[in-house]
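For the single chain, residues carry numbers from 1 onward in sequence order. Keep in mind it's a predicted model, so treat the numbers as computed, not measured.
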Amino acid sequence: MAFAIDRDLLTRVQSGNGPALNVLVTQLRPHIERQLLRYPVAEEDRRDLLQATLMQVVRRIGSFRGDSSFSTWLFRVTANEALMMM
């Protein structure tokens, strides 16, 4: 799931820039969808998990400090959401 997100985009999102958040969500969606295919859940549940994961990203984007790669952080957020549902 490794991929790169522009640091400037993350900074703008963390400072509350709405259009930047839309760009980020659009970029993240396919990565989250791909990761969710690993979990044995129904398609409807997978769509719910996608939405729940994106909501968590929006809520917690300020907690991303950059100690690890963004893709690692997103993987953990996605995995936590999936495991909580299962």
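Aromatic ring orientation, Phe70 versus Phe3: perpendicular (interplanar angle above 60°, classes split at 30° and 60°).
How far CG of Leu37 is from CD of Gln35: 10.0 Å, rounded to the nearest 0.5 Å. Taken from CE in Met86 to CG in Asp45, the straight-line distance is 10.5 Å, to the nearest 0.5 Å. Annotation: the span from Tyr39 atom OH to Thr78 atom OG1 amounts to 7.5 Å, rounded to 0.5 Å.
When all heavy atoms are compared, the tightest approach of Arg46 to Val41 is NH2-O, 3.0 Å.
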Side-chain donor-acceptor pairs of residues 49-64 under 3.5 Å, sequence neighbours excluded:
residue, atom, partner, partner atom, Å
Thr53, OG1, Leu49, O, 2.7
Ser63, OG, Arg60, O, 2.7

Please report, to 0.1 Å, the donor-acceptor pairs under 3.5 Å made by any side chain of residues 18-30, with sequence neighbours excluded.
residue, atom, partner, partner atom, Å
Thr26, OG1, Asn22, O, 2.8
Arg29, NE, Glu33, OE2, 3.1

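Here Arg65 pairs with Asp67 under the salt bridge (charged side-chain N to carboxylate O under 4.0 Å, His left out) rule; sequence neighbours left out. When the side chain to side chain donor-acceptor pair (under 3.5 Å) test is applied to Ser68, no partner is found at least two apart in sequence or on another chain. Evaluation of the side chain to side chain donor-acceptor pair (under 3.5 Å) rule for Arg47 yields no partner, not counting sequence neighbours. Glu44 is linked by a side chain to side chain donor-acceptor pair (under 3.5 Å) to nothing, counting only residues two or more places apart in sequence or in another chain.
No continuous path of ILVMFWY side-chain contacts below 4.5 Å connects Leu74 to Met84, so the two sit in separate hydrophobic clusters.
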